[in-house]
Amino acid sequence: MNYQEDIIKNYKHLKLLYVEDNKDAREMTTMILEEYFDSIIIAVDGDDGFKKFKENEIDIIITDINMPKLNGLEMSAKIRELNNKVPIIIVSAHNEESFFEQSIKINVNGYLLKPIDIDQLSNLIFEVTQKNWSN
Amino acid sequence: MKDILIIEDSKIINNVIKKELSKFEFEVEQAFTYFQAKELLRKKKFQLIILDLHLPDGEGSELIANIQSLTKTKVVVLTSLQDEDLREELFQYGILDYIVKNKNLLYSMAEIIKIINNITTKKKEKILIVDDSKFICKQVKTILEPRNYTLTSAFTAINGLEKLKTENFDLIILDMELPDIHGIKVLEYIRKDSSFSKIPIIVLSGTSTPEIIRNVLKNGANDFLKKPFVFEEFILKVDLWIDYFKKDRELCEKTTKLKFINENLQKLVNEEVEKNRRKDKLMFAQSRHAQMGEMISMIAHQWRQPLNAIATATSVINIKMRKDNLDKELANEITTKIKHYIEHLSSTIDDFRDFFKPQKNKKVTDFEIIFNKVFSLLKSSINEKNITIHFSIKEIEQFLSYENELVQVVLNILQNAEDALVENNIQNPKIYVEVDKNSLTISDNAGGISNEIKSKIFEPYFSTKKQKNGTGLGLYMSKVIIEEHCYGKLDVQNIEAGTMFKISLPKDTKGFNDVKL
């Protein structure tokens, strides 16, 4: 427990952009993320996410893939055109190869399968933020 | 019939006949005098002689008496002499025919060839002659055997009837004045027996009063000849009745065969219909199974979000508990949400179970109800693929039909559109659904179907889906459901951007009135 607390301390101050179209999933997941981040910006689809990324100083992004308008991967690709450093974590219900491949191409930093395991999530957040800071 | 001898003193005629007959693979020899003919006949056996009666060194008719067996060597007389007495005399000897030379020799040739053909093709038909006069029996034998008939003689009625029972005859020649039973009684007896009832009977009789002729014909004889008879007439009548019987028998055989074929055909048709029915049933089951498979994948789609939400909710409880942040209010909020997710899971299952419930009776419904049912099953999968569905109603009208089957059809068409949009990688994938009274159109912007494929899409086991392993039964079953179960029409056509399916149902007014709305 202490170990987890230590980890969280490292990134709790970062500003998170969380993109998810499904209301139920969004509400529940936000409750979890609140424990990890002080400030969370929520977007309801890829378009919204991209817009909010541009408007805010975002430190880390967690996004779903399947969304109307712009999907999570398309949004990530657009963000990567502007910024190739901000850590992006994909959270998806799909474990299809094509999604992994695309994610690697876009150069996202992490890929998690739904339903989210909180310890896995916190470790991954720590990993990607540490890497980034050390770079 | 191989060896033929032409006896004719006119070289021209003789040569013409030879030339004509040589066309038919006969071995033909020529004699121009009585003497030459006699010499040739001594050396060699001929099967047929064409004989001119007037020869420079003798009479042809005398040659006939010299020929040992007219059964083996058949004679056709060719003469310029029209002599009725001689003619009858020669027939009595057993000549095949008496041909009076025509000015155009080819006419006579045609007659000769006809006789030869007749003789060669004739199967040895059997004739029974019942006559107590041995002389007549012998006489008949002499004139008929050269014509390839097989003669059996009986001198009494009893004897004749016995022979009739042991052998099959093609013609009966029956004398009226028999020593044991009168001819009329014999006729009656023969005609009563169904196995002989069709054999032609020529009656010979010493008396020819109107009464006897009437009785003979009324009792089933086919023909009547008064003794003594003209031989040629007798021969012609025998030929005629034999031919008639042959044709009659052939007709009977054909009729029986036809009757058999007809009966069999009915059986075959029934069998095929039954086979088809079973095949259709099997196809229904197959397509049903395929659809169940798709349903499972749809359920998976439908369940993914709520299951994920439930999992996340447990994570929330977990993490809040770790931090001692789980107050009563939050716990309440989360459990209420979980309950809501579970209800959603449960209702999905109900939708699918409803869909597979067999529905035997028609019910009042409309295309909006049907579309909503389909959409609730399909929406997760369609949303996930970012496909936009435009649903519009021009005019709504209720009808009486098999709702579940229609849901199946609409689902199938929508799934096809969905698959085509994904497979063709369409940007901005769209599906338009429009209700207009009792017709429903479903169109997409997936690019349409090529004409080559268009004609086949309703055939069973035809599929273009490579990735999804289509059974090729979906559209076939849809067509069967719409056109055979619901008596409507299912059509497909290409529109600007894609394909349009149209379901039109008949207005079921008759049944409609039976149901209270």
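All chains are named by letter (A, B, ...) in the order of the sequence lines, taking the proteins before the strands, and each is independently numbered beginning at 1.
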Exercise. Does atom NZ of Lys105(A) have more than 12 heavy-atom neighbours from other groups under 6.0 Å away?
Worked result: no
Exercise. So what's closer than 4.5 Å to chain A heavy atoms on Leu330(B): side chain, backbone, both or neither?
Worked result: side chain
Exercise. Of all of Ile334(B), Thr314(B), Asn308(B), which one pairs up most often with chain A through heavy atoms under 4.5 Å apart?
Worked result: Asn308(B)
Exercise. Charged N to carboxylate O below 4.0 Å: is that the case for Glu35(A) and Arg322(B)?
Worked result: no
Seminar exercise, completed: Residues passing the salt bridge (charged side-chain N to carboxylate O under 4.0 Å, His left out) test with Asp350(B), sequence neighbours excluded, are Arg353(B)
Ignoring hydrogens and angles, write down the donor-acceptor pairs under 3.5 Å from the side chains of residues 38-46 of chain A, residues two or more places apart or on other chains.
from	atom 1	to	atom 2	distance (Å)
Asp38(A)	OD1	Lys12(A)	NZ	2.9
Asp45(A)	OD1	Asp47(A)	N	3.0
Asp45(A)	OD1	Asp48(A)	N	2.8

For this session: Step through the shown structure and confirm whether more than 12 heavy atoms of other residues, nucleotides or ligands are within 6.0 Å of NZ on Lys52(A).
Result: yes
Seminar exercise, completed: Hits for side-chain hydrogen bond (donor to acceptor under 3.5 Å, both in side chains) against Ser376(B), two or more places apart or cross-chain, chain-then-number order -> Asp351(B)
Exercise. What distance do Ile32(A) atom CD1 and Ser315(B) atom OG have between them, rounded to the nearest 0.5 Å?
Worked result: 4.5 Å
Exercise. Which distance, rounded to the nearest 0.5 Å, do you find between the CD1 of Ile118(A) and the CG of Asn318(B)?
Worked result: 4.0 Å
For this session: Identify the residues of residues 19-31 of chain A whose heavy atoms come closer than 4.5 Å to a heavy atom of chain B, ordered by number, or report 'none'.
Result: Asn22(A), Asp24(A), Ala25(A), Glu27(A), Met28(A), Thr29(A), Met31(A)
Exercise. Crowded around Glu57(A) CD? As in, over 12 foreign heavy atoms under 6.0 Å?
Worked result: no
Exercise. Any chance CG of Asp327(B) has more than 12 other-residue heavy atoms, nucleotides or ligands included, within less than 6.0 Å?
Worked result: yes
